[in-house]
Protein chains: 2
Amino acid sequence: MKKKTRVNIYDVAEEAGFSISTVSRALNDDARISAKTKVKVKAAARRLGFQKNAIATSLSTNQSKVIGVLVSELNRGFLSSLVHTLEDTAFAMGYSVIICQTNNSHEREKTYMDTLIASRVAGIIATLSLETDSYEHFEKAKEQGIKVVLVDRVSPKIKSTTKIVIDDYQTAFEGTQHIIGQGYDKIAYVSGPTKQLLYADRLRGFEQALKVAGLPLNPEWIEYSDDLSYEEGTRIAKKILSRKDKPNAIFTANNLAAISTIAYARQIGIRVPEDLGVIGFSEEPFSAFMQPSVTSIRQPSTEMGKLAVQKLVEEINADPGESYIHQKIILDTELIPRESTNRLCKR
Amino acid sequence: MKKKTRVNIYDVAEEAGFSISTVSRALNDDARISAKTKVKVKAAARRLGFQKNAIATSLSTNQSKVIGVLVSELNRGFLSSLVHTLEDTAFAMGYSVIICQTNNSHEREKTYMDTLIASRVAGIIATLSLETDSYEHFEKAKEQGIKVVLVDRVSPKIKSTTKIVIDDYQTAFEGTQHIIGQGYDKIAYVSGPTKQLLYADRLRGFEQALKVAGLPLNPEWIEYSDDLSYEEGTRIAKKILSRKDKPNAIFTANNLAAISTIAYARQIGIRVPEDLGVIGFSEEPFSAFMQPSVTSIRQPSTEMGKLAVQKLVEEINADPGESYIHQKIILDTELIPRESTNRLCKR
DNA sequence: AAAAGTTGTACAAGCGCTTGCATAAGTAAA
DNA sequence: TTTACTTATGCAAGCGCTTGTACAACTTTT
């Protein structure tokens, strides 16, 4: 039958001359075990190279020190930075992190949810995939006692869950005000798909800022893209900039599109920021390194990541007796003015 | 005492009217169970919403479907792309991935190794941290029967381990030849710390290419940096470009330094690529988007990631009877010529 | 019809740890 | 010295699953 491969507490117990329960308690620093015994047990464990089997502990205690992270893709600036922080914070709090990339597939999101439930993770931190429009799998996890925290891409349909977001409306509003403040008055907007709450909010914020400033809202200057890729950015910039009535600034709902917009503009001889101001949502690592550098809006990925883990662990450790209060936390964004909208004070 | 929280195979057994062993075998599609029984058992499981406890399985079988990934940091282009692929491939092969960022700390690498051993992962894919100079923790993992695959940053001191790398010497050699081919003849080099094998190899390749081409190797044109950050790149560019005898091309051992070199050069009125050619190692997502776009060397992160997982799983599933043959796999890199070295054919 | 195979299913031990409870040893109070 | 507490340790059950082996109930062979 099975053979035990590694050193276990039975071996330690024998080596130390105590029972396994004493060994277990000693290793877990249980108050009932005397200091002397603990020293002996730990010495024996060290001598034997004992390494506690986390699996067995997990089975026995019915809980694990693992957090599942559901995220669409890792190789995007914001998300990789978010996951970086998630992992770092989790490590500091004694948790490991299982990464699950959904590739924006609802199906895969559900599959992963099952895996995570089967692995009995302590909690899940998730950014909804673009496709996701039903949420039973989240209910399922919660029924199984797995705590969930939602970050960035959330849905009001998932109830009783901590959510950590930015105020997309307000942020877009302020971004627009920044451009206006730089003296641009004919502003175009490149949006993502508005069925995603987040893009709809951003667009609303943009429109509201124009209205408040008394600027015209030209429907021709609002364009939509499904993926806001570099190529899409170029395509849309071409479209917008070939109109008779050209805008003198463009606000794009992500940063990649901003970059391709700038590249295209310069290519056809439009100077940035002199003739055209460009601002993008979502800071990317390269935003600062471009020529000109790109004004953009930093989403606080570090703060979001930290908070997500902290809140999750807080809920995991919450007294099951009293009901935990779920918060929706809205974090501040930061506008980073750079050259691409710097029309006023030349350097 | 403990209370069982979720549906287990006992419940399923009762519901289906079989013993738990039959249920277990039925759910695992064991050949000894009749088709009829399987159908009944699976139906019962579905009715009850049964979800197998992976922890218990793991304890029982002494193996898990989890791969640990040790990596210095997630928010770097190459690594985030590598991890992206690792996760994707692992998922396709039925494995989950635990991410462990070492932040280039040897200490943390060791801590994580212990965690991974305690979690009884099936295997580990690792990129050595910059600091790492002793390797007992890898031996420890292997003693515990955990398979290891090393990627990119490897060490000859770790024996009997599959390694997946690029040929740094050859790649630097070819990169240098590219610059020479573009008509640059006074070439400087910005190296990382040469105690890292990889940086030493790159430097050798560079030097060899100069020698072969009969070009001078000016020691003043070789500079070293510990971290090759953006700021370091600027500092070194400043140093190199302020010499009386200026080079007309610079090869940097990563891409970030290349970008800051270009930025600095342009700032002081040196035209790229006309007056100065710049080429960088390690493609970053922004390399293509810069003005001018940056010639660089793509490390095949996707291929490396795929291979790493495949080889690891292959070894995990290898017959323990016969000895597994560890390979060192060297993958081709790809030089991506862009504007920053395009001195010959102007567009 | 008896012997020898085939199935198909159940029993029970085991994976390595935690933990409620019992018990033994040590100490303070009566 | 006995009783009443503490304090320290051990016993054994249990977490949910896998799996070697035993054993029925059928088939097939001779």
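Note: hydrogens, waters and symmetry copies are ignored here, and every other heavy atom, side chains too, is used.
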J.: Check every atom of D:dT18, C:dG16, C:dT9 against the side chain of A:Asn53 and return the nucleotide holding the closest atom.
T.: C:dG16

J.: A:Ile55 CD1 to C:dC15 C1': how many Å, rounded?
T.: 11 Å

J.: At less than 3.5 Å, do the side-chain atoms of B:Arg32 and the base atoms of D:dG20 form a donor-acceptor pair?
T.: no

J.: Any donor-acceptor pair under 3.5 Å linking the side-chain atoms of A:Glu87 with those of B:Gln101?
T.: yes

J.: Could you tell me if B:Lys142 and B:Thr161 have a donor-acceptor pair between their side chains, going purely by distance under 3.5 Å?
T.: yes

J.: Are A:Ser60 and D:dC15 close enough that a side-chain N or O sits under 4.0 Å from OP1 or OP2?
T.: no

J.: For A:Phe91, enumerate each residue passing the ring pair (Phe, Tyr, Trp, His ring centres under 6.0 Å) test, keeping only those at least two apart in sequence or located in another chain.
T.: B:Tyr112

J.: Over how many whole Å does the gap from A:Leu59 atom CG to C:dG16 atom P extend?
T.: 12 Å

J.: Side chain of A:Thr37 only, please: which of D:dT9, D:dG16, C:dA10 is the nearest?
T.: D:dT9

J.: So which one's nearest nucleotide on DNA chain D is more toward 5', B:Arg25 or A:Ile33?
T.: A:Ile33

J.: Of the nucleotides C:dA12, C:dC17, D:dT9, which has the atom closest to the B:Ile20 side chain?
T.: C:dA12

J.: Consider the side chain of B:Thr61, meaning its heavy atoms from C-beta on, and name the nucleotide among C:dT9, D:dT18, C:dC17 that approaches it most closely.
T.: D:dT18

J.: If you check the A:Phe18 side chain, which of C:dA10, D:dT9, D:dA12 turns out closest?
T.: D:dT9

J.: Nearest to the side chain of B:Ile9 - C:dA10, D:dC17, D:dC11?
T.: D:dC17

J.: Can you name the closest pair of heavy atoms from A:Ala45 and A:Leu27 and give their distance?
T.: CB-CD2, 4.2 Å

